[in-house]
Amino acid sequence: MVRTEQQLKELLQQDSSVTPALLDELLLHIGSTDSELRDGLIYPQLATYIASESFTIEDTNRIFDFILSWHGLMYRMGTADTTAVLTRSFSALALAELLVMDKTRRILKQEQLDRLSTYLRTYLEQEKDVRGFVDGLGWAHSMAHIADVYAVWFTHPASRPEEEFGAIDAMIRQLTRSDYLYIDEEADRMVTAWLQACRHGLSEDVLLQRIERNIKEWLESDVTWGDAEWTTYRNVKQMLQTLYFRLKWEENRAGSKRIEDWLRKVHQRTHGG
């Protein structure tokens, strides 16, 4: 029997133990538009269960296959469904928990992990709904959640951050878009992922090169003074300032100096002089 969301909420409020059948229901409703059910019950229950000793190989495969499917991370991607992002975004959070577990238990097979890198990049390139907090729905936060996945993935033994140029570029492009102004600390979460990559194989110089490469054309283009121009300006500035202060805090003088030069160019481009 498949429960309604109200029945599922009442069951989870009783702190029921997770069974294979209940796990399937948690995944089925992972993107519920009921924020109390989604944020306060389903996600915590999944996270707790994934971290528990009773979590099995079969459970791992069930969640992994769900996430890397059209029911999870790619659910209704590219459609006009304005609530589908909740399923995609909270599938990402479940994936982050799964990778945390797998770092120590190493349950996922190599062929599964090989699929993961390509799939995550595809998601980054295709996700258009990047809203943070949505009135009536709660947190969607797709970019923050996928950044959380990368912060774990870049520290996973099977990950090769030095080969993730496509993902880094896609993250930079998402953070510097012209159709949405980020206001919910998405840049900070992305920068956390980048710094994790730099601690686990990615050259910091390469990271800075990728950033420069992605903003160079915009920096050198003519100012149009439209809404899109100002949105890009504010997103670029926020991304660079976030990375600057994180590197400054880590006493990375060379990296922060390069970003300081870019910030100066960003200011000059927009304000002149």
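Here the structure is a predicted model, which means the values were calculated and not measured.
- For Y244, there are no ring-ring contact (aromatic ring centres under 6.0 Å, His included) partners, not counting sequence neighbours.
- Stacking of R210 on the aromatic ring of F165 is recorded, both the 6.0 Å distance cut-off and the 45° axial limit being met.
- Contacts classified as salt bridge (charged side-chain N to carboxylate O under 4.0 Å, His left out) and involving residues 67-76 (residues at least two apart or in different chains) are given here: R76-D81.
- Residues Q6 and E10 have side chains that bring a donor and an acceptor to within less than 3.5 angstrom of each other.
- In the hydrophobic clustering of this structure, L120 groups with L207; members are Ile, Leu, Val, Met, Phe, Trp, Tyr whose side-chain heavy atoms approach within less than 4.5 Å, directly or through other members.
- Between T192 and R246, the side chains place a donor N or O and an acceptor N or O closer than 3.5 Å (distance only, hydrogens not considered).
- With salt bridges taken as basic N to acidic carboxylate O contacts below 4.0 Å, one links D261 and R264.
- Side-chain heavy atoms closer than 4.5 Å link hydrophobic residues (I, L, V, M, F, W, Y) into clusters, and following such links, possibly through other members, connects L247 to M171.
- Judged by distance alone, with hydrogens and angles left aside, the side-chain atoms of S142 form a donor-acceptor pair with the main-chain N or O of D129 at under 3.5 Å.
- Among residue pairs with one or both ends in residues 143-154, those qualifying as salt bridge (charged side-chain N to carboxylate O under 4.0 Å, His left out) are D148-R189; sequence neighbours excluded.
- A side-chain donor-acceptor contact under 3.5 Å links W153 and E164.
- The neighbour count for R234 CZ, taken as heavy atoms of other residues, nucleotides or ligands under 6.0 Å away, does not exceed 12.
- Clustering ILVMFWY residues whenever any of their side-chain heavy atoms sit less than 4.5 angstrom apart, transitively, puts L181 in a cluster other than the one holding M239.
- Applying the ring pair (Phe, Tyr, Trp, His ring centres under 6.0 Å) definition to pairs two or more places apart or across chains, those involving residues 61-115 are F90-H145.
- Applying the ring-ring contact (aromatic ring centres under 6.0 Å, His included) rule to Y180 yields the partners Y182; only residues at least two apart in sequence or on another chain are considered.
- Side-chain contact of E229 with S178: a donor-acceptor pair under 3.5 Å is absent, judged by distance alone.
- Under the 3.5 Å distance criterion, with hydrogens and angles disregarded, a donor-acceptor pair is assigned to the side chains of T56 and D59.
- Counting only residues at least two apart or on different chains, the side chain to side chain donor-acceptor pair (under 3.5 Å) pairs with a member in residues 91-103 are Y43-E97, D102-H156, K103-T155.
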